[in-house]
Amino acid sequence: MTIKEQLEKISRNTQEIINLEELESKLSRKSKLKVKLGIDPTANSIHLGFAVVLRKFKLFQDLGHETILVLGDFTALIGDPSGKNKTRPMLTQKEIEENLKTYLPQLGKIIDLQKTKIVYNSQWLSNLKPEEIIKLTSRYTLAQMLEREDFKNRYKSNEPISLHELMYPLFQAYDSVYLQADVELGGIDQKFNFIVTRYIQEKYNQEPEVAIMLPILEGIDGVNKMSKSLGNYIGIDEDPLTMFTKIMSINDNLIKRYFQLCTNLPEENIEKFFKIYENPRDIKYILAKEIVSIYHSEEKANKAYEEFVNIYSQKNLPSHIPFFKINSELIDSQNNLNIIEALYAAGILESKAEAKRLLSQGGIYLNGQKLTQKIVKFQKPFIIRIGKFNYYQIEVK
RNA sequence: GGGCAGGUGGCCGAGCGGUCAAAGGCAUGGGACUGUAAAUCCCACGGGCGAGAGCCCUUCAGUGGUUCAAAUCCACUCCUGCCCA
């Protein structure tokens, strides 16, 4: 593949590259670039937002470059302050290990683990002597650090900034120095860290890495970036139906973006869908099928589609309804059951007050009938619906 | 080290002795409308008891105190920010 073709593929759907000329120059000099991707093992599941970056990483693997995955077990102790207005809680070594256990198999769904060199940055960062840390920190100034948006904002609004947080970009930079990275991948929110890294690499007499920054995918709320803590994420390990449903619930104006960032479909196809279909829902169907196919299979995607139409469009019962058990004492000799007690006892709702609220607001249905009073006859099957689409089946122990 | 200002529900933020389970906003949940959404409107949003008006319990950083009564006053402790050194 020519350099031009590589550049074209690499830069597709990126948000910013610092900078393209350097990348071209590197490609012309080396056939194998060292491509670094740092991940913070603070989460234990990968969502579509991070998948955007991983997919680009996979591209470099396909192009035959050396791909290095840096598991930031050391830097996770600090917590990346990017985009945060609060100090992150420090993770313990144990929590990090737990997270990694579930993390790696998920990574394998997107990237080729065989071709991936996996390293832990504690390998070198933990061995840094205080003298070396001083040397590292002497290369950057407080004013430079405070230029960073998140720090600036926090500083201005009298929010605390712990000293260790200032170290984060420096340690991340040191990773690249240690690994002699040619290219680093990340979200656009990493821009500051990348700039620091390039700067530090030069201070260590290295050629600065090329920073390839990908867009930040919005979560299903359509506003905030996709993140687990905001609860607006779509995990790549979620079951097909959940995934399908979540994709269907994204904002209409995100459809195109999801197509571009989460699927492999060429631009022309995407444009075509918008021409063919009037109802955005139908384009979302294609999108959802496409994404579910990537992480599960085409067959499962089609099944998820059928199930979705069944439940949400035709308002039929889902094919699987979770069972919850209650004690037989809750049912009296007349076969009466207090639905509030039952929902609470079965563990479906957190408190009886919540059950009462839902009942008085008409949010509880028994076998399709809206309940208006709390005493009901127990019958089989006993299928409870809460809200529009949450189904539960109650059985007697 | 000295001076000052703060720490309130999932988050932000009012309250500053009784009328406080604590205004308002955001988030969330339910209902209406829909395309599964979004937007909009209505309602709810610590827990327990009660059909219900209502009653009770646990909350306003922590501990101890003053008071008939404390988120509100006092003391100490912890945490945060600002100014001076």
Side-chain angles (χ1 to χ4, degrees), chain A residues 83-90 146 151-165 218-234 238 240-258 273-274 276-289 291-292 301 304-318 336 338-341 343-345 347-366 369-376 384-392:
Chain A
K84 297 284 160 188
N85 48 17
K86 273 187 185 159
T87 309
R88 286 197 177 185
M90 289 202 201
L146 287 177
F151 286 147
K152 205 195 299 173
N153 289 343
R154 281 163 67 180
Y155 192 67
K156 270 192 192 157
S157 57
N158 293 344
E159 293 287 336
I161 303 170
S162 296
L163 286 180
H164 74 284
E165 294 180 78
E218 290 81 1
I220 49 183
D221 58 7
V223 182
N224 297 302
K225 77 174 222 178
M226 185 178 283
S227 87
K228 199 169 185 192
S229 51
L230 291 174
N232 63 357
Y233 69 99
I234 302 171
E238 295 193 86
L241 181 61
T242 306
M243 210 171 188
F244 199 98
T245 308
K246 283 189 175 180
I247 296 164
M248 289 306 288
S249 75
I250 63 166
N251 235 304
D252 285 356
N253 53 25
L254 285 177
I255 299 175
K256 197 166 185 181
R257 198 162 160 82
Y258 270 60
F273 298 141
F274 282 89
I276 298 174
Y277 296 101
E278 291 267 316
N279 191 337
R281 181 196 59 188
D282 297 322
I283 311 175
K284 275 194 206 173
Y285 279 147
I286 299 171
L287 175 69
K289 274 192 204 174
I291 295 176
V292 174
Y305 165 73
E306 281 164 27
E307 180 80 353
F308 181 88
V309 171
N310 184 42
I311 303 171
Y312 295 93
S313 286
Q314 295 171 15
K315 315 268 192 253
N316 291 326
L317 292 178
N336 288 324
N338 183 327
I339 194 68
I340 289 168
E341 298 288 339
L343 289 171
Y344 176 71
I348 294 170
L349 296 177
E350 298 268 312
S351 73
K352 293 182 195 171
E354 191 182 0
K356 269 188 218 172
R357 241 178 268 142
L358 286 166
L359 183 67
S360 67
Q361 292 178 146
I364 301 179
Y365 306 78
L366 169 60
Q369 291 288 312
K370 181 182 279 192
L371 293 182
T372 50
Q373 52 182 34
K374 65 183 186 181
I375 304 298
V376 298
I384 290 291
R385 194 183 100 210
I386 295 177
K388 287 197 202 301
F389 306 110
N390 300 307
Y391 290 91
Y392 308 90

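Please read these numbers as outputs of a predicted model, since none were measured by experiment. Naming: A, B, ... by sequence-line order, numbering from 1 per chain.
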Quiz prompt | From NZ (A:Lys356) to OH (A:Tyr344), nearest 0.5 Å | solution = 12.0 Å
Practice problem: Report yes if a side-chain nitrogen or oxygen of A:Asn251 is closer than 4.0 Å to either non-bridging phosphate oxygen (OP1 or OP2) of B:rA39; otherwise report no. | Solution: no
Between protein and nucleic acid, restricted to nucleotides 5-7 of chain B and to nitrogen or oxygen atoms under 3.5 Å apart, what atom pairs and distances do you find?
none

Say you pick atom [atom1] in [N] and the same atom in [M]; how far apart are they, in whole Å?
N: B:rU40; M: B:rA23; atom1: C1'; value: 25 Å
N: B:rG65; M: B:rU59; atom1: P; value: 15 Å
N: B:rA22; M: B:rA75; atom1: P; value: 30 Å
N: B:rG18; M: B:rU28; atom1: C1'; value: 33 Å
N: B:rA21; M: B:rU80; atom1: P; value: 33 Å
N: B:rC20; M: B:rA71; atom1: P; value: 13 Å
N: B:rU19; M: B:rC26; atom1: P; value: 27 Å
N: B:rU58; M: B:rU67; atom1: C1'; value: 22 Å

Return the set of residues passing side chain to side chain contact (heavy atoms under 4.5 Å, CB included) with [X] (not counting sequence neighbours), or none when no residue passes.
X: A:Glu341; value: A:Leu330, A:Asn338, A:Lys352
X: A:Glu218; value: A:Leu254, A:Arg257
X: A:Val309; value: A:Tyr285, A:Tyr305, A:Ser313, A:Gln314
X: A:Ile286; value: A:Phe259, A:Phe273, A:Tyr277

Expressed in angstrom and rounded to an integer, what is the separation of [X] atom [atom1] from [N] atom [atom2]?
X: A:Asn232; N: B:rG10; atom1: CG; atom2: P; result: 20 Å
X: A:Asn253; N: B:rG35; atom1: CG; atom2: P; result: 19 Å
X: A:Leu359; N: B:rG50; atom1: CG; atom2: C1'; result: 15 Å
X: A:Leu287; N: B:rA37; atom1: CG; atom2: C1'; result: 13 Å

Quiz prompt | Results of side chain to side chain donor-acceptor pair (under 3.5 Å) for A:Lys152 - residues two or more places apart only | solution = none
What is the pairing partner of [N], taking Watson-Crick or G-U wobble pairs with both distances under 3.5 Å in any strand?
N: B:rU66; answer: none
N: B:rA32; answer: B:rU40
N: B:rG24; answer: B:rC12
N: B:rG1; answer: B:rC84
N: B:rC45; answer: none
N: B:rG6; answer: B:rC79

Quiz item: Of the nucleotides B:rU36, B:rG35, B:rG30, which one has an atom closest to the side chain of A:Asn390?
Solution: B:rG30
For [X], enumerate each residue passing the salt bridge (Lys or Arg N to Asp or Glu O under 4.0 Å) test, keeping only those at least two apart in sequence or located in another chain.
X: A:Lys388; answer: none
X: A:Lys289; answer: none
X: A:Asp252; answer: A:Lys284
X: A:Arg281; answer: none

Quiz item: Where along nucleotides 40-48 of chain B does protein come under 4.0 Å, by heavy atom, of base (B) or sugar-phosphate alone (S), with - for untouched nucleotides?
Solution: ---BSS-SS
Quiz item: Relative to the 5' end of RNA chain B, which residue comes earlier, A:Lys370 or A:Ile250, by the nucleotide with the nearest heavy atom?
Solution: A:Lys370
Exercise. Could you pick out which residue, A:Pro280 or A:Tyr365, lies toward the 5' side of RNA chain B when each is mapped onto its nearest nucleotide?
Key: A:Tyr365
Practice problem: Could you check A:Tyr155 against A:Phe151 for ring pair (Phe, Tyr, Trp, His ring centres under 6.0 Å), going step by step and ending with a plain yes or no? | Solution: CA-CA 6 Å; A:Tyr155 192 67; A:Phe151 286 147; over 10 Å; no
Give me, pair by pair, the N or O atoms of the protein and of nucleotides 80-85 of chain B that are less than 3.5 Å apart, along with how far apart they are.
{"unit_1": "B:rG81", "atom_1": "O2'", "unit_2": "A:Asn158", "atom_2": "OD1", "d": "3.4"}
{"unit_1": "B:rG81", "atom_1": "O2'", "unit_2": "A:Asn158", "atom_2": "ND2", "d": "3.1"}

Quiz item: Does the B:rG35 base have a donor-acceptor partner in the side chain of A:Asp252 within less than 3.5 Å?
Solution: yes
Quiz item: Base, sugar-phosphate, or nothing: which does A:Lys356 touch, judged by heavy atoms less than 4.0 Å apart?
Solution: base
Quiz item: How would you label the contact of A:Ser313 with the nucleic acid (heavy atoms, under 4.0 Å): base, sugar-phosphate, or nothing?
Solution: sugar-phosphate
Quiz prompt | Heavy-atom side-chain proximity of A:Phe308 to A:Ile247 below 4.5 angstrom | solution = no
Quiz item: So, is the end of the A:Lys246 side chain (NZ or CZ) under 6.0 Å from the ring centre of A:Tyr233 and within 45° of the ring's axis?
Solution: yes
